[in-house]
Amino acid sequence: MSNHALAERHRLAELLTAAGPDAPTLCAGWTTRDLAAHLVIRERRPDAAAGIRVGALAGRTKRVQDQYAARPYEELVRLFRAGPPLLSPFALPGADEVANTVEYFVHAEDVLRAGDDWSARSVPPGRAEALWRRLPMIARLEAGRRSPVRLTLSRPDGRSLTVGPAGSPSVHLTGEPGELVLFAYGRGARTALTVDGAPDAVEALQHVLPLPAR
């Protein structure tokens with residue numbers, strides 16, 4: 001049984017600790033304190049976390065998150081590092097690995113890449129494969145649904161997948177699985193990806209999903 005989610009949980013907790021409570025993140029409008037509160041209520045307050053996905057419930061989620069954000073920052077990081085409580089859905093066997101490997105990878109990069117001196121890290125091969133296995137669904141639901149152009153997402157070894165509207169101009173992005181995942185979640189401006197495509201197609205994509213500086 002792999003432990004990619006656990007490894008990313010501990011890495012994210014370390015990054016949050018090192019950054020302190022008032023550091024910026026790539027989550028718009030959130031400091032590290034806000035991100036820590038989000039992580040805690042997501043797995044400890046399922047009654048309040050529904051607004052993360054359901055817009056009509058977002059107000060309640062924000063109120064509860066703000067209440068948690070008012071707690072001592074060290075407590076929030078400790079609660080997150082400790083993992084889900086016994087009655088949390090994330091405590092079910094295998095749930096943490098399935099639901100949180102990508103979640104924690106992306107949020108760790110949200111902390112790491114928020115500054116100007118960020119650099120892409122080397123991801124262990126097994127974890128890179130886990131991210132790649134999840135990328136097709138992420139790409140369809142996130143990038144493919146929003147993109148005005150056809151997207152081909154490729155690894156350096158040549159493996160690729162294609163999403164987006166058929167018959168439209170295409171843009172080709174190449175990079176490691178973690179970089180492609182970050183692009184799909186709207187963090188493309190802080191990725192080490194190569195972008196190829198007609199200038200008008202690239203520009204149209206840039207208006208919807210950020211791209212790295214060319």
Side-chain angles (χ1 to χ4, degrees), residues 3-55 57-85 88-91 95-121 123 127 130-131 134 138 141-143 177-192 209-210:
N3 288 300
H4 300 307
L6 181 62
E8 289 296 328
R9 179 190 295 273
H10 288 315
R11 176 172 176 266
L12 177 49
E14 290 298 322
L15 287 168
L16 289 169
T17 298
D22 302 313
T25 74
L26 296 184
C27 300
W30 281 6
T31 64
T32 41
R33 179 184 293 278
D34 299 313
L35 176 55
H38 160 79
L39 293 165
V40 171
I41 70 164
R42 181 174 171 270
E43 62 185 8
R44 290 177 176 266
R45 288 292 305 273
D47 62 303
I52 295 171
R53 291 290 183 183
V54 182
L57 302 176
R60 170 168 163 74
T61 297
K62 185 181 186 305
R63 286 193 297 273
V64 175
Q65 181 170 310
D66 288 346
Q67 291 169 3
Y68 271 78
R71 295 186 179 192
Y73 181 69
E74 295 75 10
E75 177 187 348
L76 294 174
V77 177
R78 177 180 57 78
L79 287 171
F80 170 64
R81 189 193 295 271
S88 170
F90 294 103
D96 189 48
E97 189 71 10
V98 171
N100 290 330
T101 296
V102 173
E103 176 84 7
Y104 296 160
F105 170 82
V106 170
H107 283 321
E109 300 305 315
D110 284 337
V111 177
L112 187 65
R113 303 188 189 208
D116 292 333
D117 58 348
W118 69 273
S119 61
R121 69 170 174 123
V123 178
R127 199 160 310 145
L131 295 172
R134 289 162 172 79
I138 294 167
L141 293 178
E142 301 292 339
E179 305 301 299
L180 295 169
V181 166
L182 290 169
F183 162 76
Y185 276 116
R187 277 76 164 177
R190 298 296 178 100
T191 58
L209 289 165

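Being a predicted model, the structure only gives us computed values, none of them experimental.
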Point to revise | Residue pair Leu6, Tyr104: steps toward the side-chain contact (heavy atoms from CB on, under 4.5 Å) verdict | key: CA-CA 9 Å; Leu6 181 62; Tyr104 296 160; over 6 Å; no
Quick one: does Phe183's side chain get under 4.5 Å of Leu209's, heavy atoms only?
-> yes
Here the gap from Leu39 atom CG to Leu76 atom CG, rounded to the nearest 0.5 Å, amounts to 9.5 Å
Hits for salt bridge (Lys or Arg N to Asp or Glu O under 4.0 Å) against Glu109, two or more places apart or cross-chain, chain-then-number order -> Arg11, Arg113, Arg121
| Is a side-chain donor or acceptor of Arg9 paired with a backbone partner of Phe80 at a separation under 3.5 angstrom? | yes
Residues at least two apart in sequence or cross-chain that pass salt bridge (Lys or Arg N to Asp or Glu O under 4.0 Å) with Arg44, listed by chain then number, are none
query = Does the side-chain contact (heavy atoms from CB on, under 4.5 Å) test come out yes or no for Asp110 and Trp30, once each step is laid out?
reply = CA-CA 10 Å; Asp110 284 337; Trp30 281 6; over 6 Å; no
(message) Under a 3.5 Å distance rule, please check whether Glu179 uses its side chain to pair with a backbone N or O of Ala192 as donor and acceptor.
(response) yes
Rounded to the nearest 0.5 Å, the OG1 atom of Thr101 sits from the CZ atom of Arg134 at a distance of 4.5 Å
So the side-chain hydrogen bond (donor to acceptor under 3.5 Å, both in side chains) pairs with at least one residue in residues 73-84 (sequence neighbours excluded) are Glu14-Arg81, Arg71-Glu75
Tightest non-hydrogen contact, residues Glu142 and Ala184, listed as CB-O, 3.2 Å
Pro24 and Ala114 have their tightest heavy-atom pair at O-CB, 3.3 Å
Residue pairs meeting salt bridge (Lys or Arg N to Asp or Glu O under 4.0 Å), one or both in residues 26-39, sequence neighbours left out, come to none
Under a 4.5 Å cut-off applied to non-hydrogen side-chain atoms, are Val106 and Arg187 in contact? yes
Rounded to the nearest 0.5 Å, the CG atom of Leu180 sits from the CD1 atom of Ile138 at a distance of 10.5 Å
Here the gap from Leu12 atom CG to Leu112 atom CG, rounded to the nearest 0.5 Å, amounts to 10.5 Å
Closest non-hydrogen contact found for Trp118 with Ala189 is CZ2-O, 4.5 Å
Residue set satisfying side chain to side chain donor-acceptor pair (under 3.5 Å) with Arg127, at least two apart, ordered chain then number -> His4, Glu8
Quick one: side chains of residues 15-23, donor-acceptor pairs under 3.5 Å with protein atoms, not counting sequence neighbours, listed by atom name and distance.
| from | atom 1 | to | atom 2 | distance (Å) |
| --- | --- | --- | --- | --- |
| Thr17 | OG1 | Ala13 | O | 2.9 |

